There are 2 protein chains.
Amino acid sequence: MTDTAPQRRMKRPPTILDVAAHAGVSRGTVSRVLQGGHNVSPASQEAVHAAIRKLGYVVNRAARSLVTQRAGSVAFLLSEPQERFFEDPNFTTLLRGCTTALAEHDLPLILITAGTEAERRRIAPFLSAHHVDGVLLVSSHRGNPMIGHLRQANLPFVCCGKPLGERDAVSYVAANDREGARAMVRYLLESGRKRVATIAGPRDTPGGLERLDGYREMLAEHGIAHDKRLVAVGDYSRASGEACMEQLLTSAPDIDAVFVASDLMADGALAAIERAGLRVPDDIAVGGFDDSPVATAARPPLTTIRQPWNRISEMMVRQLLAQIDGEGPATVILPTELVVRESA
Amino acid sequence: MTDTAPQRRMKRPPTILDVAAHAGVSRGTVSRVLQGGHNVSPASQEAVHAAIRKLGYVVNRAARSLVTQRAGSVAFLLSEPQERFFEDPNFTTLLRGCTTALAEHDLPLILITAGTEAERRRIAPFLSAHHVDGVLLVSSHRGNPMIGHLRQANLPFVCCGKPLGERDAVSYVAANDREGARAMVRYLLESGRKRVATIAGPRDTPGGLERLDGYREMLAEHGIAHDKRLVAVGDYSRASGEACMEQLLTSAPDIDAVFVASDLMADGALAAIERAGLRVPDDIAVGGFDDSPVATAARPPLTTIRQPWNRISEMMVRQLLAQIDGEGPATVILPTELVVRESA
DNA sequence: CTGAAAGCGCTTACAG
DNA sequence: CTGAAAGCGCTTACAG
């Protein structure tokens, strides 16, 4: 007898048939136990569980997938230019939250990036073929074609943040941007600040729009006339925060506070203020948004608006699972919280 | 005729059988075309490709998986306390690189975190059941039990950074920590600095060990006696960099340079130096390690050692695929590069 | 409550 | 170069 194939005898993992044999039942019964044990006698259940433990059986997902027509996994789809997002501390927080939430449902998270049109075309077949059961979509800019793709593929999805410019109902989970902005501006005004400027986010993102609206509203409610010179628009990057702050310092040298639509931009603003020889918060109070890790790392640490990332990711996962189970779309808005540190 | 099941008629995606019918061949032939078209006549190939295009056919991965006994996916496994890693800019860079490299091979990346022993036990069955074909393992601390699990499961894996304390051969890809450290310290000394301190990483990580070794070596080569007071040990966090710097400033007030084993810690050191009323680089030159995004965001921007993350992630993926194809383990060491900015 | 059987969509020797 | 057929490991009506 030759010895050619001993390696191939690699302990093939046990199948449902092995379990059935050990438990003295049919494989149908084993499968029923796997599905939750309905319509199975306690005795059979126990026997099957014992066999599973003894053999170290774990279900073959491919086989299950083939018959249930479900992938048994979910995609985390980043449809933004990669550099921007991987650099954004909020993204990391969200990704972590979703991974954890999904793990609790035993659903593997497949990470997909599709920042360019070429990449989007590339993953389209993957999505259309339903190689995942649903998608957690991160895409903050207006008119992202990914949403159309997902609709066409008839694939459940839920967005992080309100997708701008969508006519039909879309599931999304977001923090209350407007209220958050209002709370920060109210805080600055009530601390005695008189000339409150703002660095807003891009106009084609919900955060860029709503946080600016909140700023304007609160100023109006305090009887303060709108002043264009007090508004600069960045792109959420640290560098843009710095540039915007320089611009504000020039166009309105008398400002004594600034509400910045993201912590990263606020950190950039801090640098510009320092370079101008001014002190925070003595000369200028700086309020951020997000309460991301940069808020605590900044010098001075940022007073900011906390986005409830853990709840956001949990709700995104919950909504997605509900949709996969056939529910319709829903919108979830979560409250924010003012976090006072040293910058304002 | 009742109208009960129209929704269920949801255009079932075409199967290989549909393609075969349209192309006028058997499904065996379609499958062969899918596998690369060996032993198929040009005419059949063309017919099959045309049918695939026309029907928008895409292979059912579960079905393929079931017969090939391959998962067709790879895990990115983070076996570190999550907070630490998701906060580390290097991690994000690595994750992005691996996602991109894997996408080029049409392999989905499954993100798994297993920072605690409980989590490790939880994912063990997933891994043992070969629900992925291989693992990209991120785990920098000595004696991570995950490696044992992977070996037992007979699952190919490659580590990011040298795993400490492994007796048997393990595949890993790493930057040349020692040479990088030597280059930085050489640069500091040749810039005229006389009292060069260091903030090292934890002793149970390869970076903690080898970067400290490089520091010592270079000092010795310049005839400088070792001085314990010039060495502090952090944990790679920003806060620890700050604390270590304070300690150094106390134990050796005459230092004029410090080599810090990570940019994040270096950024913390910057804060401590500023608080002490000293200037960088005039009073103290600060050299970092990583060239992560914090290096450019720091004030002043950090002179640092660049880790070639793109190459690291590419090589990790390449090694992993080779192992999945049956190759043995290998070690890959990549050179670093000195990046001079303003801090030194 | 249970077993026998069909079938999910592919790949791969096997014969020709 | 090609087709017919077995088989991957599971789930789920169907009958009893």
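Just so it is clear: chains get the letters A, B, ... in the order the sequence lines come, proteins before strands, and each one is counted from 1. Fair warning: this is a prediction, and the values are worked out from it, not measured in the lab. All values below were derived from every heavy atom in this structure, side-chain atoms included, with hydrogens, water molecules and symmetry-related copies excluded.
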What is the distance, rounded to the nearest whole Å, between atom [atom1] of [X] and atom [atom2] of [N]?
X        : N      : atom1 : atom2 : answer
B:Gln69  : C:dG9  : CD    : P     : 19 Å
A:Leu34  : D:dC10 : CG    : P     : 8 Å
A:Leu17  : C:dA4  : CG    : C1'   : 12 Å
B:Arg64  : C:dC8  : CZ    : C1'   : 16 Å
A:His130 : C:dG9  : NE2   : C1'   : 16 Å
A:Ile16  : D:dC10 : CD1   : P     : 5 Å

Side-chain donor-acceptor contacts of residues 318-333 of chain B below 3.5 Å, not counting sequence neighbours, with atom names and distances?
{"from": "B:Gln323", "atom 1": "NE2", "to": "B:Phe157", "atom 2": "O", "distance (Å)": "3.1"}
{"from": "B:Gln323", "atom 1": "NE2", "to": "B:Ser171", "atom 2": "OG", "distance (Å)": "2.8"}

Nearest nucleotide by nearest heavy atom, which residue falls closer to the 5' end of DNA chain D, A:Val30 or B:Ala63?
B:Ala63
Who are the side chain to side chain contact (heavy atoms under 4.5 Å, CB included) partners of B:Arg120, not counting sequence neighbours?
B:Ser79, B:Ala114, B:Glu117, B:Asn144, B:Pro145, B:Met146, B:His149
By the side-chain hydrogen bond (donor to acceptor under 3.5 Å, both in side chains) test, which pairs, at least two apart or in different chains, include something from residues 125-138 of chain A?
none
Output all residues satisfying salt bridge (Lys or Arg N to Asp or Glu O under 4.0 Å) with [X], sequence neighbours left out; order by chain, then residue number.
X        : answer
B:Arg151 : B:Glu166
A:Glu104 : none
A:Arg311 : none

Quick one: list whatever passes side-chain hydrogen bond (donor to acceptor under 3.5 Å, both in side chains) with A:Thr15, sequence neighbours left out.
none
For DNA chain C, produce a single dot-bracket line, 5' to 3'. Pairs: Watson-Crick or G-U wobble, both distances under 3.5 Å. Symbols: ( ) within strand, [ ] crossing, | other strand, . unpaired.
|||.||||||||.|||
Where along residues 46-60 of chain B does a heavy atom come under 4.0 Å from DNA chain C, residue by residue in number order?
B:Tyr57, B:Val59, B:Asn60
Looking at every non-hydrogen atom in both residues, tell me the closest pair between A:Ser73 and A:Leu107 and how far apart they are.
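Scanning both residues, the minimum pair turns out to be N-CD2, 3.9 Å.
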Among residues at least two apart in sequence or on other chains, which ones pass ring pair (Phe, Tyr, Trp, His ring centres under 6.0 Å) with B:Tyr57?
none
Do the side chain of B:Ser44 and the main chain of B:Val40 share a donor and acceptor less than 3.5 angstrom apart?
no
Kindly state each residue pair satisfying salt bridge (charged side-chain N to carboxylate O under 4.0 Å, His left out) with at least one member in residues 48-57 of chain B, sequence neighbours excluded.
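Sorted pair list: B:Glu46-B:Arg53.
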Under 3.5 Å between N/O atoms: give me all the protein pairs with nucleotides 12-16 of chain D, atom names plus distance.
{"from": "D:dA13", "atom 1": "N6", "to": "A:Arg32", "atom 2": "NH2", "distance (Å)": "3.2"}

Please pick, from C:dG3, C:dC10, D:dG9, the nucleotide with the shortest atom-to-atom distance to any side-chain atom of B:Thr15.
C:dC10
Any side-chain N or O of A:Ser41 under 4.0 Å from OP1/OP2 of C:dC1?
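Checking C:dC1 against A:Ser41, no side-chain N or O comes under 4.0 Å of OP1 or OP2.
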If you measure from the C1' atom in C:dT12 to the same atom in C:dG16, how many Å do you get, rounded?
16 Å
Heavy atoms only, 4.0 Å cut-off, all strands: where does A:Ser44 land among base, sugar-phosphate and nothing?
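Sugar-phosphate contact only.
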